[in-house]
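All remarks here apply to the structure that follows.
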Amino acid sequence: MTEWKKVEEVKKDEEVGKEVNLRGWVYRERSTSKVAFITIRDSSGIIQCVFKKGTPGFEEAKDTKIESSIKIKGVVEKDERAPEGYEIKGKEMKHYQKADKFPITEDPSTSFLMDVRHLWLRSTKINKMLKARENTLSYFRDFFKEREFHEIQPPLLTQAGVEGGSTLFDLDYFDETAYLTQSSQLYLEAFMTSLEKVYCIAPSFRAEKSRTSKHLTEYWHLEAEMAWYNNKDNIKFQEEMISYVANKLAEENKKTLKYFGRNPEDLKKIKPPFRRLSYTEAIEELQDKKINIEWGEDFGSGHEKALTENIEKPLVIYNFPKKIKPFYMPEEKGEKETVLCNDILAPEGYGEIIGGSERIWKLEELLKRLEETSTDKNAYEWYIDLRKYGSVPHSGFGLGIERVLSWLFNREHIRETIGFPRTINRVYP
Ligand code: 4AD
Ligand code: MG
């Protein structure tokens, strides 16, 4: 049986002189009448193979096109001139499939690249981002595992909105109305009564009508819910989590960070505690900077930018006005206008990465707030039940995976951080 090697495995001194078998795709091809150069790509990387006239693979190598799927046999050689110091002296080459002329050529427009996203996934940049994303998610999971959280899987088809009606996608669910979930929070609150500390990484859907570099209509949402935590415990936990993941990336993913133009040192500096401002203090800070905003208004991306332009660590803003936050957040003690919650803004104007809060856990208070916000109670009967059978104080938060990746990997647009981005004007491919 053929032993297949990965490209990155063979770029080593101890492989020099050995005969290896590789399979993958043609990344580059160039030939003269005497020699054919094929750069082969697999999931791990690229390496150049040289087929001299007279070797069995020469004719096949001469007659290939970019992105054809191939297998090759050859001997590993050390070569100072080769891009990474090694190349393959090709012996045999066979096609699995000879590709049509690849449609992505030099200087493609962004919208064309989005149209052929299914083909563009194989680019070096997306390949690296997919791996970066996978590593980042695994660090989040490690963090939760170390703290003995349970990972759960919530439903995505629901009948209850979480974050207000304006961004709900509704669908015809046989004879009933259902929605694609905006957040798994309410279900996490139910799981919490069984497992105490729970989290999930699941899609959330928002019918966002705005075209911005920070909004997807389908994004991956990391959400956690903790029994017995108050607002302060919740904020401290979020700071530790972000620091843990940023530091792990700085330690273990230096090359990838640098590839994306992020200095690993930036992420090493992310350590708790972060700067914390109350909403009211943040408004004052903006007004001092002569930026137009009144108490009671929500922050736009200009405000977020002004608050985080010159800071190295994320910024916590806590206790927002009740009227701009959802029904489930409890009032601050002695205050009727503000609620116990927090957002975290990433540095450098990357915007909000986390929204969290204490949850109303007393039945009467919840009923009053549902009333005040004119929420139809029918879809929330089960949620109300949770306040009738052993309700406990608890808190939680949600973090947008693509928002965090945009910040950590220094990306201009959120679409760069996910395989198939969904936005207001795109659900294809
Ligand atoms: O602030 P949000 O709306 O909060 C909630 O959904 C809570 N129920 C979460 C919870 O407490 N369990 O969303 C949380 C985070 C935001 O901070 C942002 O990072 C991300 O989700 N987010 C989006 N990411 C990409 N595209 C969008 N359209 C997003 N909307 C929110
Ligand atoms: Mg929010």
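Order of listing sets the numbers, starting from 1, for every ligand and every atom in it. Bear in mind that the values here come from a model prediction, so they are computed numbers and not experimental data.
Looking only at heavy atoms of the protein, atom 16 (C) of ligand 1 is closest to E352 OE2, 3.2 Å. Regarding atom 29 (C) of ligand 1, its nearest protein heavy-atom neighbour is Y219 CE2, 3.4 Å. Here the heavy atom of the protein found nearest to atom 15 (C) of ligand 1 is G398 O, 3.6 Å. The closest protein non-hydrogen atom to atom 18 (C) of ligand 1 is R403 NH1, 3.5 Å. For atom 7 (C) of ligand 1, the closest heavy atom belonging to the protein is E163 OE2, 3.3 Å. Protein heavy atom closest to atom 11 (O) of ligand 1, with residue, atom name and distance, is R359 NH2, 2.9 Å. For atom 14 (C) of ligand 1, the closest non-hydrogen atom of the protein is H221 NE2, 3.3 Å. In terms of protein heavy-atom proximity, atom 27 (C) of ligand 1 is nearest to L216 O, 3.5 Å.
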Residues Y350, N410; criterion side-chain hydrogen bond (donor to acceptor under 3.5 Å, both in side chains); working and verdict: CA-CA 9 Å; Y350 280 94; N410 196 34; 3.2 Å; yes

Step-by-step side chain to side chain contact (heavy atoms under 4.5 Å, CB included) determination, F260 to L408: CA-CA 9 Å; F260 286 113; L408 294 169; over 6 Å; no

Full working for side chain to side chain contact (heavy atoms under 4.5 Å, CB included) between Q238 and F274: CA-CA 10 Å; Q238 295 163 35; F274 300 165; over 6 Å; no

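Environment of CG in D376: crowded, with over 12 heavy atoms of neighbouring residues, nucleotides or ligands closer than 6.0 Å. The environment of CD in E371 is sparse: at most 12 heavy-atom neighbours from other residues, nucleotides or ligands sit within 6.0 Å. The neighbour count for K98 NZ, taken as heavy atoms of other residues, nucleotides or ligands under 6.0 Å away, is above 12.
For ligand 1, the polar-atom distance check finds an N/O of Y328 within less than 3.5 Å of one of the ligand's N/O atoms. The distance criterion of under 3.5 Å between nitrogen or oxygen atoms is not met by A224 with respect to ligand 1. Looking at ligand 1, you won't find any N or O of V162 less than 3.5 Å from one of its N or O atoms. For ligand 1, the polar-atom distance check against S357 finds no nitrogen or oxygen pair separated by under 3.5 Å. Here's the thing with L399: none of its N/O atoms is less than 3.5 angstrom from an N/O atom of ligand 1. Looking at E223 next to ligand 1, an N or O pair under 3.5 Å apart turns up.
Y380 has its ring centre less than 6.0 Å from the ring centre of F327. Ring pair F237/F149: centre-to-centre distance below 6.0 Å. Aromatic ring centres of W382 and Y187: separated by under 6.0 Å. The distance between the ring centers of F144 and Y244 does not fall below 6.0 angstrom. Aromatic rings of F409 and Y259 (six-membered ring for Trp) have centroids beyond the 6.0 Å cut-off, not under it.
Counting atoms of ligand 1 from 1 in the listed order, those under 4.0 Å from a heavy atom of Q185 are 7 (C), 8 (N), 10 (C), 11 (O), 12 (N). Contact atoms of ligand 1 toward I354: 17 (O) (distance under 4.0 Å to a heavy atom of the residue). Atoms of ligand 1 found under 4.0 Å from any heavy atom of K214, numbered from 1 in the order shown, are 25 (C), 26 (N). Within ligand 1, counting atoms from 1 as listed, the ones closer than 4.0 Å to a heavy atom of I353 are 17 (O), 19 (O).
Here H215 has heavy atoms under 4.0 Å from ligand 1 in both its backbone and its side chain. Contacts with ligand 1 closer than 4.0 Å are made by no heavy atom of K325, backbone or side chain. Neither the backbone nor the side chain of D343 has a heavy atom within less than 4.0 Å of ligand 1. Under 4.0 angstrom from ligand 1, the non-hydrogen atoms of R206 all belong to its side chain. When non-hydrogen atoms are compared, ligand 1 lies under 4.0 Å from neither the backbone nor the side chain of E225. Residue contacts with ligand 1 for F397 involve N, CA, C or O but no side-chain atom from C-beta outward (heavy atoms, distance under 4.0 Å).
With a 4.5 Å cut-off on side-chain heavy atoms, R117 and P421 count as touching. The shortest side-chain heavy-atom distance between I72 and I38 does not fall under the 4.5 Å cut-off.
In summary, an N, O or S atom of E352 is located under 2.8 Å from the Mg ion (ligand 2).
For the side-chain hydrogen bond (donor to acceptor under 3.5 Å, both in side chains) criterion with N319, the lone passing option out of E331, E332, E335 is E332. Between H118 and the options V116, D115, L121, a side chain to side chain contact (heavy atoms under 4.5 Å, CB included) holds for only V116.
Taken to the nearest 0.5 Å, the CG atom of N342 stands 8.5 Å off from the CE atom of M329.
Not a single heavy atom of E402 sits under 4.0 Å from any atom of ligand 1. Using a 4.0 Å cutoff on heavy atoms, E189 does not count as a contact of ligand 1.
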